[in-house]
Each structure stands twice: as C-alpha cells, then as structure tokens.
Engineer: 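Structure incoming, see below.
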Amino acid sequence: MSYIAMALAALVAVVLFLLRRSDYGNSLAKQAADQGDIAVLLDKAAELPEQRRSTFYQNAIQYLWRNWQRPLAIRLIKAYAFEFSEERICQYWLRQALEIEPSVARMNFDDEFLRTYYQPEVAKTCVATGCSR
C-alpha cells in the first residue's frame with residue numbers, strides 16, 4: 001500500500017513540475033503585458049543561469065507575441081538578441097519582428113543593431129518549430 005502512495009506522490013510531483021515548466025516565463029510575461037513594461041522579465045532573466053535564460057526569453061517572447069503584445073515582444077526580442085543572437089531561434093524572432101511588425105521593429109532596431117545582431121541568411125532558414133541547416 002505504501003508503494004502505491006509513494007508512486008502516486010511521485011507522479012503528482014512530476015506532473016506539477018511539468019506544468020510549472022510549461023508555464024516558464026508565461027506568468028511574468030502576462031504581468032509584463034498588464035504593466036506595459038518588460039522590466040519584470042529582464043529582472044528575472046538576469047537572475048537565471050545562462051543555460052536557462054534563453055528558454056525563458058523564448059517562452060516570454062512567444063507569450064507576448066501570441067497575445068498581441070507585439071511592441072513588448074519586440075523590445076524583449078532586442079534584449080534576447082543582445083545575449084543570444086548566435087542562436088538560430090533568436091534569428092527567427094528578429095525576422096518575425098521585421099516582417100510581421102516592420103514599423104514597430106524599425107523603431108526598436110536601428111541600423112547598427114541590425115548590422116551587429118541580425119543574420120538574415122540564418123533567419124530565412126528558420127520557422128517557429130525549428131531551423132534547417
């Protein structure tokens with residue numbers, strides 16, 4: 001009987017962990033959207049170890065983008081690029097911003113930023129689910 005209880009407790013812990021992980025960044029992204037400011041996201045990202053920071057940025061950007069908070073998403077994409085522009089998914093988000101919301105993107109991405117961080121040849125190989133080589 002105690003093995004069954006232990007197994008159920010372990011299952012509940014795993015489910016809760018997976019649910020929490022799937023929401024990673026979303027609750028703070030919602031807070032940022034409500035406040036109209038990405039500061040809470042930047043503060044949290046700065047606290048995270050580098051290996052978790054990229055995933056946090058990706059999830060928060062995706063939440064903002066899908067919830068029509070495009071100006072906030074674009075500001076977060078810029079912050080993401082400062083740290084992770086070498087990642088192909090970052091190039092995807094830069095391209096999305098430039099193609100889908102060009103006027104907002106151009107207000108945030110000046111020519112110097114684009115020369116330094118944007119790699120159009122890489123970005124054109126990427127879609128939301130991944131990048132081809």
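Numbers for residues simply follow the sequence, beginning at 1.
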Engineer: Drop me the distance from Ile38's CD1 to Leu28's CG, to the nearest 0.5 angstrom.
Structural biologist: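 Rounded to the nearest 0.5 Å, the CD1-CG separation comes to 12.5 Å.
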Engineer: Taking atom OH of Tyr63 and atom CG of Leu72, what is their separation to the nearest 0.5 Å?
Structural biologist: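 It is 11.0 Å, given to the nearest 0.5 Å.
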Engineer: Are there more than 12 heavy atoms of other residues, nucleotides or ligands under 6.0 Å from atom CD of Glu121?
Structural biologist: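 Yes - once you tally the heavy atoms of other residues, nucleotides and ligands closer than 6.0 Å, there are more than 12.
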Engineer: Using 0.5 Å steps for rounding, measure from the NZ atom of Lys30 to the CD atom of Gln35.
Structural biologist: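 Rounded to the nearest 0.5 Å, the NZ-CD separation comes out at 10.5 Å.
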Engineer: Residues in side-chain contact (heavy atoms from CB on, under 4.5 Å) with Glu47, at least two apart?
Structural biologist: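 Partners of Glu47 by the side-chain contact (heavy atoms from CB on, under 4.5 Å) criterion, ordered by chain and then number, come out as Lys44.
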Engineer: Compute the centroid of each ring, for Phe109 and then for Tyr117, and state whether the two points are separated by less than 6.0 Å.
Structural biologist: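 No: the rings miss the under 6.0 Å criterion.
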Engineer: Is Arg70 positioned over the aromatic face of Trp68, cation under 6.0 angstrom from the ring centre and no more than 45 degrees off axis?
Structural biologist: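 Positive - Arg70 is close enough to the ring of Trp68 and near enough to its axis.
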Engineer: Using the test side-chain contact (heavy atoms from CB on, under 4.5 Å), find all partners of Asp43 that sit at least two apart in sequence or belong to another chain.
Structural biologist: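 So Asp43 forms no side-chain contact (heavy atoms from CB on, under 4.5 Å) with any residue.
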Engineer: For Ala123 and Tyr118, work out which heavy atoms get closest and say how close.
Structural biologist: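 Distance-wise, the nearest heavy atoms are CB-CE1, 3.7 Å.
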Engineer: Nearest 0.5 Å please: distance from the CD atom of Gln69 over to the CG atom of Asp34.
Structural biologist: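 Rounded to the nearest 0.5 Å, the CD-CG separation comes out at 8.0 Å.
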Engineer: Return yes if a side-chain donor-acceptor contact under 3.5 Å exists between Glu83 and Tyr57, otherwise no.
Structural biologist: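 There is such a pair between these side chains.
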Engineer: Any side-chain heavy-atom pair from Leu114 and Arg106 closer than 4.5 angstrom?
Structural biologist: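 They are in side-chain contact.
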Engineer: If every non-hydrogen atom of Ile77 is compared with every non-hydrogen atom of Ala97, which pair is closest and at what distance?
Structural biologist: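 Heavy atoms of Ile77 and Ala97 come nearest at CD1-CB, 4.2 Å.
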Engineer: State, to 0.1 Å, how close Cys90 and Ser85 come at their nearest heavy-atom pair, and which atoms those are.
Structural biologist: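 Answer, listing the atom of Cys90 first, then Ser85: SG-CA, 3.8 Å.
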Engineer: I'd like to know if Glu112 and Arg115 make a salt bridge, using a cut-off of under 4.0 Å between side-chain N and carboxylate O.
Structural biologist: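 Yes, charged N to carboxylate O under 4.0 Å.
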Engineer: If we ignore hydrogens and angles and just use 3.5 Å, is the side chain of Thr125 paired with the main-chain N or O of Val122 as donor and acceptor?
Structural biologist: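 A pair under 3.5 Å: yes.
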Engineer: Does the side chain of Ile74 come within less than 4.5 Å of Trp65's, by heavy atoms?
Structural biologist: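 A side-chain contact under 4.5 Å exists here.
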Engineer: So, for Leu64 and Ala29, which heavy atoms are closest and what is the spacing to 0.1 Å?
Structural biologist: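 Heavy-atom minimum between the residues: CD2-O, 3.5 Å.
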Engineer: Run the side-chain contact (heavy atoms from CB on, under 4.5 Å) check on Leu76 and Leu42 step by step: do they pass?
Structural biologist: CA-CA 8 Å; Leu76 194 58; Leu42 298 177; 4.0 Å; yes
Engineer: Taking 4.0 angstrom as the limit, do Asp37 and Arg75 come out as a salt bridge?
Structural biologist: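 Yes, charged N to carboxylate O under 4.0 Å.
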Engineer: Stepwise, does the side-chain contact (heavy atoms from CB on, under 4.5 Å) test hold for Arg95 with Leu98?
Structural biologist: CA-CA 5 Å; Arg95 186 177 110 230; Leu98 290 164; 5.7 Å; no
Engineer: Is there a side-chain contact (heavy atoms from CB on, under 4.5 Å) between Phe113 and Asp110 once you walk through the steps?
Structural biologist: CA-CA 5 Å; Phe113 172 84; Asp110 62 22; 3.2 Å; yes
Engineer: Looking at residues at least two apart in the chain, or sitting in another chain, which of them share a side-chain contact (heavy atoms from CB on, under 4.5 Å) with Gln58?
Structural biologist: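 Expected list: Ser54, Tyr80, Glu87, Ile89.
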